[in-house]
Amino acid sequence: MRILGVETSCDETAVAVVEDGKRELAYVVATSKDFHLATGGIVPEVAARKQLDFMLPVLEQLNSQVDIRTVDAIAVTQGPGLAGSLIVGIETAKSLAFALDLPLVPVNHLVAHFYANFLTYEIIPEKHFPALVLVVSGGHTDLVLLKDHGDLIHLGSTLDDAAGEAFDKTARLLGLAPYLGGVELSKRASLCGVNRLKNKLPRPLMNQDNLDFSFSGLKTAAKRIIQMGEFTVEEVARDFEDAVVDVLVSKTLKAQAQTQAKSLLLGGGVTANRTLRMRLTAEFDALGVPIFFPELRLCGDNASNVATSAYYNYYPKPPATVNPDPSMSIVY
Ligand code: KG4
Ligand code: ZN
């Protein structure tokens, strides 16, 4: 079963063909990141126009690697994401499904993030489900229980900023990067020696008995500290990253204690963060609960995750269960 995945939720135009949810036969991506770096943040209109510019060239390149007439279904990110960008992917996927007479599978962006793990690892429902899921991206911070493919229970979310958004905004306040500065902030944190700011930034909601998150106050606290000018970039970056990771780890452990899940699956751009990976691995190893992180290249938005998610959620059930609705539209 070959699935062609299309992902256009933000600034990347990505297409892939994945066989049986495991083998990536081809992958092509173009990004408009440089344009957003120049404006110090994403301009949705520009992102959407670049999606239009890039879509046909990436599809042509994909087709030169794998004949797209050999695929069995088309999968596409339905949302959440930027409306203008999503529309380009959805309309392209609909056209491909119509022209090739194939089923069209809508995929939730956040679900695609943690299905990255299924591409790489042998995750067995009988052994690993129910699985606890933590999605941490630029737009979302969610804890979910995956009881079975397609059977999810929402446990908690951020009440304001997402973890990645807080990383990006703080990186900008620190003058590290105008756009998507999470990686740069993390690099600077790793250069910190003795930290005079250790544990001084807030760990919002950490000790509350719920599975919600809140990161906007942390970013504001970091802003005040930066304005005081008493601490180095490395010190602020170190305690900021530790604060985010402390909260993420603590809430995930709380969710694990409540659900007694058989494994932990991670997904989203922030799961590339080294400190988060190390801390969660240590905690879940100690509990004896298997933990799965996407490969670094699969942490962010990409089309292979979309195709893989479609495979596990719709196949090998008969294609009749697939939503072929030609009026399929965006999910926010
Ligand atoms: O999942 P993703 O690629 O896009 C969204 O769906 O939002 O996530 C992007 C987010 C950005 O906020 C980016 O700064 C953050 O992931 N990110 C990181 C790291 N790598 C990417 N944050 C912290 N540490 C990293 N190493
Ligand atoms: Zn994403």
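Order of appearance sets the numbers: ligands from 1, and atoms from 1 within every ligand.
Heavy-atom contacts of His109 reach the following atoms of ligand 1: 6 (O) (cutoff under 4.0 Å). The distance from ligand 1 to the heavy atoms of Gly164 drops below 4.0 Å at these ligand atoms: 12 (O). Here is the list of ligand 1 atoms found below 4.0 Å of a heavy atom in Gly139: 7 (O).
No side-chain N or O of Arg274 forms a donor-acceptor pair with one of Ser186 less than 3.5 Å apart. For the residue pair Glu241 and Asn273, a side-chain donor N or O sits within less than 3.5 Å of a side-chain acceptor on the partner. Between the side chains of Asn210 and Lys251, a donor-acceptor pair is found at a separation under 3.5 Å.
In this structure, His113 is part of the shell of residues with a heavy atom less than 4.0 angstrom from ligand 1. Residue contact annotation: Arg274 has no non-hydrogen atom under 4.0 Å from ligand 1.
Closest protein heavy atom to atom 12 (O) of ligand 1: Asp168 OD2, 2.7 Å. The protein heavy atom nearest to atom 15 (C) of ligand 1 is Val270 CG2, 3.9 Å. In terms of protein heavy atoms, atom 24 (N) of ligand 1 is closest to Asn273 ND2, 3.0 Å. For atom 3 (O) of ligand 1, the nearest non-hydrogen atom of the protein is Gly300 CA, 3.3 Å. Nearest non-hydrogen protein atom to atom 9 (C) of ligand 1 is Gly138 N, 3.7 Å. Looking at atom 17 (N) of ligand 1, its nearest protein heavy atom turns out to be Gly269 O, 3.7 Å. In this structure, atom 22 (N) of ligand 1 lies nearest to the protein heavy atom Gly182 CA, 3.8 Å.
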Could you please spell out the steps behind the salt bridge (charged side-chain N to carboxylate O under 4.0 Å, His left out) verdict for Asp239 and Arg203? CA-CA 10 Å; Asp239 201 51; Arg203 271 63 175 164; 3.2 Å; yes

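Relative ring orientation between Phe292 and His128 is described as perpendicular, the plane-to-plane angle rising above 60° on a 0-90° scale split at 30° and 60°. Classified by interplanar angle (parallel below 30°, tilted 30° to 60°, perpendicular above 60°), the ring pair Tyr312/Phe118 is tilted. Taking the six-membered ring where tryptophan is involved, the planes of His109 and His113 are tilted, since the angle between them lies from 30° to 60°.
No part of Glu241 comes within 4.0 Å of ligand 1, judged by heavy-atom distances.
Using a 4.0 Å cut-off between charged nitrogen and carboxylate oxygen, Arg69 and Asp67 count as a salt-bridge pair. Salt-bridge check for Arg238 with Glu235: failed, with every basic side-chain N at 4.0 Å or more from each acidic carboxylate O. For Arg49 and Glu45, the salt-bridge test passes: some basic side-chain N is under 4.0 Å from an acidic carboxylate O.
Cluster annotation: Phe293 and Phe129 are assigned to distinct hydrophobic clusters (Ile/Leu/Val/Met/Phe/Trp/Tyr, side-chain heavy-atom contacts under 4.5 Å, transitive).
Inside a sphere of radius 2.8 Å centred on the Zn ion (ligand 2), the protein N/O/S atoms present are His109 NE2, His113 NE2, Asp301 OD1.
The salt bridge (charged side-chain N to carboxylate O under 4.0 Å, His left out) contacts involving residues 167-179 comprise Asp161-Lys169, Glu165-Lys169, where partners must be two or more places apart or lie in separate chains.
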